[in-house]
Amino acid sequence: MLALWTWIVQALFIFLTIDSVGGGLLKPCGHIIPESPVVAPNTTFTAICVLDEECLSEHHLNANQIFWKIKDTRVPKEQYTILNRTAASVTLEDVSSLGSPLTCNILLYGQIEQNIYGIQIRVGWAPEKPKNLSCIVNGQSNMKCQWDPGKETHLDTTYVLKSEWPTRQLTDCIPPPNVNNSCTVDMVVVYVNMDVWVVATNVLGNVSSDRINFDPIDIVQLLPPYNVTVSNSKEISSILKVSWANPVDKPFEGLKYNIRYRTKDASDWTLIPPEDTASTRDSFTVQYLKPFTEYVFSIRCMNREGRGFWSNWSAESSGVTYEAKPSNAPSFWYEIDPSQGHGYRLVHLKWKTLPRSEANGRILDYEVTLRGGKTSHFSRLINDTKMTLNITNDPYVASLKARNIVGSSDPSTLTIPGHDFKADLMESKCYLITVIPVYDDGPGSPQSVKAYLKQAPPSRGPFVRTKKVGKNEAVLVWEHLPIDDQNGFIRNYTIFYRTSSGNETAVHVNSSHTEYTLSPLTSDTLYMVRMAAYTDEGGKDGPEFTFTTPKFAQGEIEAIVVPVCLAFLLTTLLGVLLCFNKLDLIKKHIWPNVPDPSKSHIAQWSPHTPTRHNLHPKDQMYPEGNFTDTDVSVVEIEANEKKHLPEDLKSLDLFKKEKITTEGHSSGIGGSSCMSSSRPSISSNDESESGQNTSSTVQYSTVVHSGYRHQVPSVQVFSRSESTQPLLDSEERPEDLQIVENGGSGDGASPRQQYFKQNCNQDEISPDLPHFERSKQVSSVNEEDFVRLTQQQMSDQRSQSSGSGPMKDFEDISAADNFGASNDGQIQRFETIGLEAATDEGMPKSYLPQTVRQGGYVPQ
Amino acid sequence: MDLRAGDSWGMLACLCTVLWHLPAVPALNRTGDPGPGPSIQKTYDLTRYLEHQLRSLAGTYLNYLGPPFNEPDFNPPRLSAEALPSATVDFNVWRSLNDHLRLAQNYQAYSHLLCYLRGLDRHAATAELRRSLAHFCTSLQGLLGSIAGVMAALGYPLPPQGAEPAWAPSPSHSDFLQKMDDFWLLKELQTWLWRSAKDFNRLKKKTQSSAAAVTLRLEAPF
């Protein structure tokens, strides 16, 4: 083993010095580099001794006169290197084994050893990488982290616990002096993930441990519950109520507990089923305890959701269950002293005190009752455990009860036979012969034996029946014969079973059994079974029982049907998959593509392109093959929608901008159909008239403007909006018009329409939401815009009378608008602050119906 | 017969292949990037925790301020404290903001409130009160980081960090008016936290449902 050390030894040297200029102060004749080295063991160390120029000349010295010493041992010359006239170095292989100090000396005048300079070499390790970093949060803010610092460095090594959040570096934790394996962070924040690591630093280097990342809430350990008290109940002697106070310093509310208890002298704890104590509480009633027994309890707690660790067990607290009436009577006996004459005798009754487990309390006294003789009834309470009575020679029955504060035990009775007692025993009757030893201080424990004067076969056989009948086995059960029918000791049973045609089989069964499984049996067969009981003297058959084994075992049918169904299902799935794969092929055969005129581009109607339109009607009608695949249309609309949903900071402006850009793509049919459908509704909706007009006008005018700005003045567009083209179109395909109307005025409006639909969905999902909750769904749409939009939507919907759902929705929203002011007032009030935010009914938005609806608009 | 057997084997092989590739379908593979959900959940939890923390802190602090501030029905008009970001914005206006705006508003409000909260410290007399104030500040700092994390996860840029308003007690303020400022600060904090909890809860549900929608869209081409 390598011996490591650090010297603090200060040795005195006689240094070769020169007088400094000022005199008085002595200056050494040279120095060693490095001045105070720290070296790791097993490494090579080189020191250089540099002689002072002034000294050299004064004493006529040379570097090759230098020799090195470690303590008092000279270092061999081979390890020296003369660097130049004034400097020489020494190289040491393993400093730790050599010692310190290392001195640079010189031989003056060939014989006088003179010390020039000496250094202390400190030997130690660079810090090892700290391992096993782990942290635990006590209460809600203190976090203690521990780690294994690794091998002792023998050097001053500082350990710093560093931590950071994803967004910022946190304050370092510096352990108190002389602690190198733990640090307590003063304030941690739960529910924010943090990185924690340790950096160890000394002069030989620094090293960081691995980082650990955690949410402090997951490592919380609370203080145990305190003020644990136990109280009993006078009404029920088998319960104790444990009460405690919950720890206050905790970052959550919900707690769960473990409660354990034991009797005072037991060492094993019983744990109350954790599911009974899985909610926050401050008391618990433990049941099924023994009366008048001292129990010890302790409790621990942790986060209800199971995050973090269990607290330590609380301090133990004990309580005694209340008394119950004694569970047993004391066993007692008598002694007869026949010395008395004249038909009387002395009877000494004796009994033992009840053990604590049977007394169930403090025994106050005993009640002795005597029946028989001339005094037909006699009763006396006694504190002692013995009693002497003077009774006649008649037989008596004595009974004894123990009494405590709650009640008295069942009586134990004792027959005191008459003076001339003789037993009259019968054959084939079971007798219980009990022998009770009687000691000076009372009776001992009785021993009993059952005996027959003479045995006989049983009076009848057992009734056998089946408990469970399987395909190849049957479970038979029976009951023991009553004692009166046994007529002797039942030694064994025999089961006889046969099919209606086959041979009878016999099985012998031990007399202690009451159940037997017959197997193997043939399925779907009628069996007859009977049973005989045997005493030493012979047996008797019981009645015959018949049963039929079933054709199929339980679950057999299911085992066949389920795989078949599964196989069918998989085949169907495969078929559907194949259909999907060959969709194009199938489509081509079944649904040939029909061109859709509503997809025609606005450009085709421009006055500048009629010739093209006429010349290549087909090409213009189906640009880019838009109609060949409806899937493509779905994607487009989703893309549009995406553009609209993530609203921007400047929601209002951008929204308007978006409207302009998207309307560039909108179809003329859609635009004009919107005009035609919304116009009549304006008259029925006076207050929104102006807004609506503007919106439709702007919308339409922008359409053409963006497409042909450099060619066509916008005024021209209005004349186009009066075009009868859509009407012609609708005459041809009335159902298309309806779809277009449903979809709003072209692509530009569809996202808003979409949003509206979405709103509608949510309202349907949770119709009992407060109004302001609903209104929040209107996101970036500026309030005015929104109102205008909804009104327009409404008028659209009304003009179509297309269902009550959207109508209702509108009413809700406008109601929400009206409620705005009062809501505002509400939030001003301080008490609303305390409201549980968890009751927030932010409804999950289902995008599924939306997608479907979009799909519904697609085949325009 | 042989051909038929071959066919059914082919079918079986195809079926097996389909089953084999089912785990590779992205829609069924939800083990990858958890998305912003967990960080929103954490932010929500932290907000609730801060509410809980503030409840005890405000109780202690208002008691420290003494009457009438610790009286339950004390509801003064808001005279000063204009510099505080007010949480009492019209509900509809707040609702009409988008997620990004709401998050940004939250972020700015808390960084603002945090500055003022640090100013409370100089009034606080007892070590215990100072400690719970400091812990609350640290937690609020954590909430700021958390909100920034959520914004980053949702792809929103952080709001520009303007010059932090330094807490400077105006010399003209009387002691009572300063207490009033403190009172309003605590009240604003409570209102903001209450509102934020609602916001994050809503956001959480929104991201959950949009995750479901992504699944559907991925399933459609399959």
Side-chain angles (χ1 to χ4, degrees), chain A residues 140-141 165-168 187-193 215 217 251-253 570-571 573-574 577 580 631 634 638 646-649 651 772 775-783 786 816-817 820-821 823-824 826-830 832-835 837-838 840 842-848 850-851, chain B residues 11 14-15 18-19 42-43 45-49 51-53 55 75 87-101 104 134-135 138-139 141-146 148-149 187 190-191 193-198 201-206 208-210 212-213 216-217 220-222:
Chain A
Q140 61 177 326
S141 61
W165 284 334
T167 46
R168 60 184 281 153
M187 277 171 198
V188 290
V189 177
V190 291
Y191 300 115
V192 182
N193 274 38
D215 181 345
I217 194 75
F252 41 77
E253 287 296 325
L570 286 175
T571 319
L573 186 73
L574 199 73
L577 285 177
F580 267 107
D631 283 348
V634 175
E638 282 191 10
E647 296 90 355
D648 206 18
L649 272 162
S651 57
F772 63 83
S775 66
K776 83 179 178 214
Q777 301 302 333
V778 185
S779 52
S780 82
V781 186
N782 175 285
E783 206 168 42
F786 170 66
D817 287 340
N823 282 337
D824 193 15
Q826 201 175 1
I827 196 172
Q828 298 270 13
R829 286 166 54 205
F830 203 39
T832 50
I833 293 160
L835 275 178
D840 184 9
M843 301 141 293
K845 289 183 183 171
S846 167
Y847 284 83
L848 175 58
Q850 200 179 327
T851 320
Chain B
M11 289 277 276
C14 180
L15 193 69
V18 168
L19 288 175
K42 265 191 196 304
T43 315
D45 288 339
L46 180 57
T47 318
R48 299 302 315 282
Y49 171 58
E51 274 188 290
H52 159 87
Q53 228 184 330
R55 226 168 288 147
N75 193 9
T88 51
V89 183
D90 180 273
F91 250 134
N92 285 334
V93 172
W94 186 252
R95 289 286 144 68
S96 69
L97 298 178
N98 58 32
D99 293 338
H100 178 199
L101 264 180
H135 189 218
T138 319
S139 302
Q141 192 78 58
L143 180 62
L144 271 177
S146 232
K187 190 167 169 174
Q190 236 160 353
T191 322
L193 286 171
W194 175 70
R195 171 189 275 180
S196 298
K198 283 178 86 73
N201 195 34
R202 197 175 304 123
L203 198 59
K204 184 175 76 185
K205 289 178 176 167
K206 205 172 186 177
Q208 275 165 6
S209 58
S210 70
L216 276 169
R217 278 180 200 164
F222 174 74

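Owing to the predicted nature of the structure, the values given are computational and were not obtained by experimental measurement. Here is how names work: the chains are called A, B, and so on, in the same order as the sequence lines, proteins then strands, and each is numbered from 1.
In this structure, the portions of B:H135 lying under 4.5 Å from any heavy atom of chain A include both its backbone and its side chain. Proximity to chain B is absent for every atom of A:P166, based on heavy atoms less than 4.5 angstrom apart. Interface remark: A:E253 contributes side-chain atoms only to the contact with chain B (heavy atom separation under 4.5 Å).
Looking at every heavy atom in both residues, B:Y49 comes nearest to A:Q140 through OH-OE1, 2.6 Å. Heavy atoms only, all atoms of each residue included: B:L46 and A:V190 are closest at CD1-O, 3.2 Å. The two residues B:A148 and A:T167 make their nearest non-hydrogen contact at CB-CG2, 4.3 Å.
Of the residues considered (B:K204, B:Q53, B:H52), B:H52 shows the highest number of contacts with chain A, using heavy-atom pairs under 4.5 Å.
Rounded to the nearest 0.5 angstrom, A:Y191 OH and B:L143 CG are separated by 13.0 Å.
In this structure B:T138 satisfies the side chain to side chain donor-acceptor pair (under 3.5 Å) test with no other residue, sequence neighbours excluded.
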